[in-house]
There are 2 protein chains.
Amino acid sequence: MKCNDLGNRIKNLVMTTDEANNDRTPTLADVARLAKVSTATVSRCLNSPDQVIEKTRTKVLAAVRELGYAPNFNARALAAKHTNTIGAIIPTMENAIFARALQAFQEELGGSGVTLLVASSSYRADLEEEQIRTLVSRGADGILLIGYHRDPKIYEFLQRQGVPIVVAWVFDPQADVPTVGFDNFTAMKALADQVISMGHRRIATITANPEYNDRASERLRGIRAAMSEAGISATDLSIVESAYGIDEGGKALEQILAQTVRPSVVMCGNDVLAVGAIARAKELGLRVPEDISVTGFDDIEIAKISSPPLTTVHVPHRRMGKEAARMLINLVNATKDQKNTLIETSLKIRSSLSKR
Amino acid sequence: MKCNDLGNRIKNLVMTTDEANNDRTPTLADVARLAKVSTATVSRCLNSPDQVIEKTRTKVLAAVRELGYAPNFNARALAAKHTNTIGAIIPTMENAIFARALQAFQEELGGSGVTLLVASSSYRADLEEEQIRTLVSRGADGILLIGYHRDPKIYEFLQRQGVPIVVAWVFDPQADVPTVGFDNFTAMKALADQVISMGHRRIATITANPEYNDRASERLRGIRAAMSEAGISATDLSIVESAYGIDEGGKALEQILAQTVRPSVVMCGNDVLAVGAIARAKELGLRVPEDISVTGFDDIEIAKISSPPLTTVHVPHRRMGKEAARMLINLVNATKDQKNTLIETSLKIRSSLSKR
DNA sequence: TCGATCAATGTAAGCGCTTACATGGAATTC
DNA sequence: GAATTCCATGTAAGCGCTTACATTGATCGA
């Protein structure tokens with residue numbers, strides 16, 4: 001012991017060139033040298049401490065601390081062939097619902113010692129594809145994706161690479177990948193049924209571009225189905241596409257009002273659009289819901305405090321995120337193959353919707 | 001050519017064990033073999049195409065496509081010692097202002113071919129520290145941090161590791177790292193001056209825990225300074241700490257109302273708390289601003305559509321994100337050492353604040 | 001007391017890539 | 001036409017880690 005200490009002290013005083021204390025960041029080998037063990041032992045100390053005897057461990061950990069050693073993640077990943085990392089690609093960070101689900105997702109992952117890599121695709125298929133490749137080449141052990149609709153080649157690629165995925169925000173037993181989410185069609189149809197049962201016939205909807213967005217297209221289909229069931233002509237539905245945002249919802253509402261026939265209700269693709277529509281309607285001197293009813297989707301906090309409070313579809317986003325994490329972890333560990341998980345939604349009837 | 005084609009075809013038909021088309025994901029060496037060049041050439045094709053003659057490049061790219069080759073990021077990072085990656089740690093994803101700034105940050109980075117790694121610390125110093133280490137060990141070329149206040153050891157660590165950082169959301173010429181942001185003290189003091197000039201004397205504030213949050217503590221200091229300047233006793237300020245969220249703002253308001261002396265104005269640390277406070281006040285039968293005035297901070301979209309519209313401090317978050325990206329890229333490229341950048345804020349006086 | 005057994009540690013071969021340096025052939029110069 | 005230059009490509013040495021396998025010394029049963 002004493003001898004070693006002395007040895008180290010001398011080393012620190014008399015620095016020969018080849019073991020100079022230069023500012024290169026310390027490596028495993030440096031730690032091993034300081035602790036007078038092999039690199040294998042240091043590695044084991046860090047990764048499976050119980051394979052190493054207490055005395056050695058203490059010695060190694062001391063060396064780690066002394067050098068301020070931090071393992072090089074890339075080298076580790078290269079050698080170990082897994083990263084303890086899971087990736088997630090969401091359409092945008094600016095939408096609170098994704099942020100919230102992701103937060104829950106991350107919390108659940110963190111509990112299992114897995115770290116999360118996030119990317120956002122701005123709702124663009126090409127960007128998403130690029131990000132999937134990036135995530136894979138970074139060695140993500142699994143990936144969370146939003147919505148099922150994408151080029152089949154991507155699913156093939158992922159399968160070939162052996163990277164498990166979970167698709168969230170949709171529930172689709174037909175899909176050949178595990179999904180966790182709700183049935184957008186049924187949920188929106190339920191709301192539309194309610195709207196129609198309250199006497200509304202002329203309906204407008206503000207929706208995201210449904211072309212590459214299966215949540216939006218399914219919700220639209222839900223409205224159409226409800227109308228058709230009620231014997232309402234499809235021409236009584238007017239559709240306005242809009243980007244996400246409060247102002248955008250307001251602009252979309254103006255477009256609707258500019259049409260020759262004014263609808264009695266505006267069903268919005270999400271709460272943010274709905275709140276924007278309500279605000280603009282009020283600015284324009286309309287009363288909500290007396291002059292025009294408005295509905296949303298998601299039931300985020302703002303729905304409750306909007307005036308008037310918003311009729312919407314409640315989606316348990318945190319639960320969905322949590323569930324997605326659970327499934328993905330099981331998949332990565334190959335514990336069992338996950339099947340689809342249905343998240344239940346419910347109608348929240350509030351005063352932004354009234355009888356016609 | 002013909003010969004090669006034939007050769008490949010035969011290879012695909014007769015698979016010997018050592019070159020079997022097994023499902024191992026293809027490597028640089030596989031591409032090199034297929035294209036009949038060295039691995040160095042393949043690498044050059046991918047990283048600096050102009051060093052390679054057109055003919056060779058075509059051949060290599062064809063091989064890449066045929067194999068569906070995707071480079072292994074970790075191997076590349078290990079060999080090249082840089083990752084073209086920048087990390088950012090924000091307190092939470094659930095706050096739209098961070099999301100928005102981050103979006104702009106990412107857009108700017110993307111334009112320079114840099115990818116972004118995001119982590120969120122849930123406002124916890126220990127988590128943030130862990131994430132900084134993670135980012136460093138993952139080889140981030142630079143890191144964006146929010147707020148200046150943290151253990152000096154962290155700054156030392158970062159410096160030792162040679163990882164440049166930019167601190168956003170504060171403007172502090174004293175700091176020994178580049179900052180980009182606004183002066184939280186001055187901004188809030190300006191608002192408080194306005195409030196006081198409208199006759200308010202008894203002030204309440206809803207704030208995040210200021211202990212580890214220099215934005216919050218500086219804003220609080222701003223209010224105190226304005227009061228002191230106006231000769232108002234510090235005891236006329238009542239402080240309620242609250243977590244982030246609409247409901248939380250509401251609860252905090254209830255605490256304020258439960259106190260013996262009711263303040264005439266509630267100055268909130270951000271718009272979300274303010275909107276929550278307004279909503280709860282209305283629920284409790286109070287009129288805003290007649291019975292109680294409310295102010296916010298940030299000027300997010302919701303401030304405008306709140307009823308009544310919210311008096312707040314406008315912060316150009318996107319600009320701040322963009323500027324942070326620019327600075328960090330310069331730092332990473334060692335183009336020039338960046339100094340502090342001031343982002344100007346402005347008062348938005350709306351009807352949630354009225355004369356006492 | 002001796003080999004068998006086992007736990008702790010060491011040895012060294014990669015993981016997939018980049019890049020300094022070596023090489024060889026074509027283009028250029030005189 | 002020989003010497004020089006230069007450009008395209010190849011060779012091979014790592015980057016920092018993990019892990020299969022080898023080694024060692026201690027422990028144990030007979």
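We name chains A, B, ... by the order of the sequence lines, and we start the count at 1 in each one.
Closest contact between the side chain of B:Pro71 and the listed nucleotides C:dC17, C:dG10, D:dT11 involves C:dC17. Of all nucleotides listed (D:dT19, D:dC17, D:dT9), D:dT9 comes nearest to the side chain of B:Val52. In the set C:dT11, D:dT11, D:dA8, the nucleotide with an atom closest to the side chain of B:Thr56 is D:dA8.
Rounded to whole Å, the distance from CG on B:Asn72 to C1' on D:dT18 is 15 Å. In this structure, B:Lys81 atom NZ and D:dC15 atom P are separated by 6 Å, rounded to whole Å. The interatomic distance linking B:Ile53 (CD1) with C:dA27 (C1') rounds to 13 Å, in whole Å. If you take CD of A:Gln51 and P of D:dT18, they are 12 Å apart, rounded to a whole angstrom. Distance, A:Phe73 CZ to D:dC15 C1': 16 Å, rounded to whole Å. In this structure, B:Leu78 atom CG and D:dG14 atom P are separated by 14 Å, rounded to whole Å. The CG atom of A:Leu28 sits 14 Å away from the C1' atom of C:dG10 (whole-angstrom rounding). Summarising the geometry, the separation between NZ on A:Lys55 and C1' on C:dA8 is reported as 12 Å, rounded to the nearest angstrom.
With A:Thr27 contributing its side chain and A:Ala29 its backbone, the two residues share a donor-acceptor pair below 3.5 Å. Listed for the B:Asp141 side chain is no donor-acceptor partner under 3.5 Å among the backbone atoms of B:His82. At distances below 3.5 Å, at least one donor-acceptor pair connects side-chain atoms of A:Thr92 with backbone N or O atoms of A:Glu94.
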Pair B:Leu61-B:Leu46, side-chain contact (heavy atoms from CB on, under 4.5 Å): steps then yes or no: CA-CA 9 Å; B:Leu61 261 24; B:Leu46 267 23; 4.2 Å; yes

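One finds no side-chain N or O of B:Thr27 lying less than 4.0 angstrom from the OP1 or OP2 phosphate oxygen of C:dG16.
Using a 4.0 Å heavy-atom criterion, one finds that A:Ser43 contacts the bases of the nucleic acid, with or without backbone contacts as well. Within 4.0 Å (heavy atoms only), A:Asn47 reaches sugar-phosphate atoms of the nucleic acid but no base atom. A:Tyr69 comes within 4.0 angstrom of the backbone, heavy atoms only, and of no base. Residue contacts shown for A:Ala80 are limited to sugar-phosphate atoms, with no base heavy atom under 4.0 Å away.
Counting heavy-atom neighbours within 6.0 Å of A:Lys55 NZ, excluding the residue itself, gives a total of 12 or less.
Comparing A:Ala79 and B:Thr41 by the nucleotide of DNA chain D whose heavy atom lies nearest to each, the residue mapping closer to the 5' end is B:Thr41.
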